[in-house]
Amino acid sequence: QVQLVESGGGLVQAGGSLRLSCAPSGRTFSKYAMGWFRQAPGKERELVAHIWWSTGITHYADSMKGRFTISRDNARNTVYLQMNSLKPEDTAVYYCAAAQYSGNYGDKYNSPQAYDYWGQGTQVTVSS
């Protein structure tokens with residue numbers, strides 16, 4: 001049974017930092033893209049960033065560049081999202097997701113529809 005377990009969310013003041021973790025299990029994810037998405041109340045789920053487990057190649061949504069860093073630790077089998085200089089508009093539920101490689105590294109992995117597995121989400125609240 002595939003599981004993606006997120007942790008690290010919480011309440012932080014504007015300007016602060018948080019690091020989210022995602023520990024996948026239940027299969028080998030070496031040929032998967034691991035993505036972080038977020039969804040604020042009343043808004044659609046949007047990509048923050050994704051990383052290819054095998055190569056470490058990353059992609060960020062344009063609005064996320066500079067303050068967010070996605071990484072993976074093979075030894076710990078964990079994917080991280082480091083979030084710095086947080087703003088109240090970053091408040092959302094953050095989801096970890098996994099998408100199987102389908103033969104090309106195109107833009108499809110920027111969309112939630114490409115992802116096969118999802119975690120339960122972790123709440124991030126940034127106070128002003």
Side-chain angles (χ1 to χ4, degrees):
Q1 181 181 358
V2 174
Q3 283 189 311
L4 306 179
V5 180
E6 301 109 334
S7 61
L11 175 64
V12 63
Q13 287 188 332
S17 298
L18 282 175
R19 189 178 75 162
L20 306 183
S21 300
C22 172
S25 62
R27 69 183 308 141
T28 300
F29 288 89
S30 59
K31 296 184 179 181
Y32 279 71
M34 302 299 298
W36 283 101
F37 290 80
R38 70 183 188 183
Q39 189 166 19
K43 295 188 177 181
E44 293 187 350
R45 192 169 297 189
E46 62 175 347
L47 174 74
V48 177
H50 66 69
I51 185 168
W52 288 97
W53 197 282
S54 58
T55 63
I57 294 174
T58 59
H59 171 82
Y60 295 86
D62 287 343
S63 61
M64 311 295 175
K65 292 178 181 177
R67 297 187 298 120
F68 294 81
T69 303
I70 190 171
S71 62
R72 73 0 179 171
D73 185 328
N74 288 335
R76 296 180 184 272
N77 196 45
T78 301
V79 177
Y80 300 100
L81 182 69
Q82 178 68 43
M83 306 185 294
N84 298 327
S85 302
L86 284 163
K87 305 174 182 179
E89 50 264 43
D90 295 318
T91 295
V93 178
Y94 284 71
Y95 296 91
C96 176
Q100 188 171 14
Y101 176 64
S102 63
N104 68 80
Y105 293 99
D107 291 343
K108 66 175 286 187
Y109 298 100
N110 301 338
S111 169
Q113 283 69 34
Y115 288 76
D116 307 294
Y117 304 105
W118 291 85
Q120 80 285 356
T122 185
Q123 177 71 46
V124 171
T125 303
V126 184
S127 63
S128 58

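Side chains are part of it too, since the values below use all heavy atoms of this structure and drop only hydrogens, waters and symmetry mates.
A continuous path of ILVMFWY side-chain contacts below 4.5 Å connects Val79 to Tyr94, so both sit in one hydrophobic cluster. If you chain together hydrophobic residues whose side chains sit under 4.5 Å apart, Ile51 and Leu47 never meet in one group. The cluster map of Ile, Leu, Val, Met, Phe, Trp and Tyr, joined by side-chain heavy atoms under 4.5 Å apart, puts Tyr80 and Trp53 in different clusters.
Every residue meeting the ring pair (Phe, Tyr, Trp, His ring centres under 6.0 Å) condition with Tyr109, not counting sequence neighbours, appears here in chain and number order: Trp52. Taking the ring pair (Phe, Tyr, Trp, His ring centres under 6.0 Å) definition, one finds that Phe37 meets it with Tyr115, Trp118, sequence neighbours left out. Residues satisfying the ring pair (Phe, Tyr, Trp, His ring centres under 6.0 Å) criterion with Phe68, sequence neighbours excluded, are absent altogether. With sequence neighbours excluded, no residue forms a side chain to side chain donor-acceptor pair (under 3.5 Å) with Gln3.
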Can I get a per-line list of side-chain donor-acceptor pairs under 3.5 Å for residues 120-128, giving both atom names and the distance, sequence neighbours left out?
{"residue": "Gln120", "atom": "NE2", "partner": "Glu6", "partner atom": "O", "Å": "3.4"}
{"residue": "Gln120", "atom": "NE2", "partner": "Glu6", "partner atom": "OE1", "Å": "3.4"}
{"residue": "Thr122", "atom": "OG1", "partner": "Gly9", "partner atom": "N", "Å": "3.3"}
{"residue": "Gln123", "atom": "NE2", "partner": "Ala92", "partner atom": "O", "Å": "3.4"}
{"residue": "Gln123", "atom": "NE2", "partner": "Thr125", "partner atom": "OG1", "Å": "3.3"}

Check: residues 15-31 side-chain donor-acceptor pairs under 3.5 Å, at least two apart:
{"residue": "Ser17", "atom": "OG", "partner": "Asn84", "partner atom": "OD1", "Å": "3.0"}
{"residue": "Arg27", "atom": "NE", "partner": "Tyr32", "partner atom": "OH", "Å": "3.2"}
{"residue": "Arg27", "atom": "NH1", "partner": "Tyr117", "partner atom": "OH", "Å": "2.9"}

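Side chains of Leu4 and Met34 form a contact here, defined as non-hydrogen atoms less than 4.5 Å apart. Counting only heavy atoms from C-beta outward, the side chains of Met83 and Val12 never approach each other to under 4.5 Å. Residues Arg38 and Met64 form a side-chain contact, since some pair of their non-hydrogen atoms from C-beta on lies under 4.5 Å apart.
What you find for His50 and Gly35 is that their closest heavy atoms are CB-CA, 3.8 Å. The shortest non-hydrogen separation linking Asp116 to Gln100 is OD2-N, 2.9 Å.
Interatomic distance, CG of Leu86 versus CZ of Arg67, reported as 6.5 Å (0.5 Å rounding). Atom CG of Leu11 sits about 8.0 Å away from atom CD of Gln13, to the nearest 0.5 Å.
Looking at Thr91, its side chain does come within 3.5 Å of a backbone N or O of Pro88 through a donor-acceptor pair.
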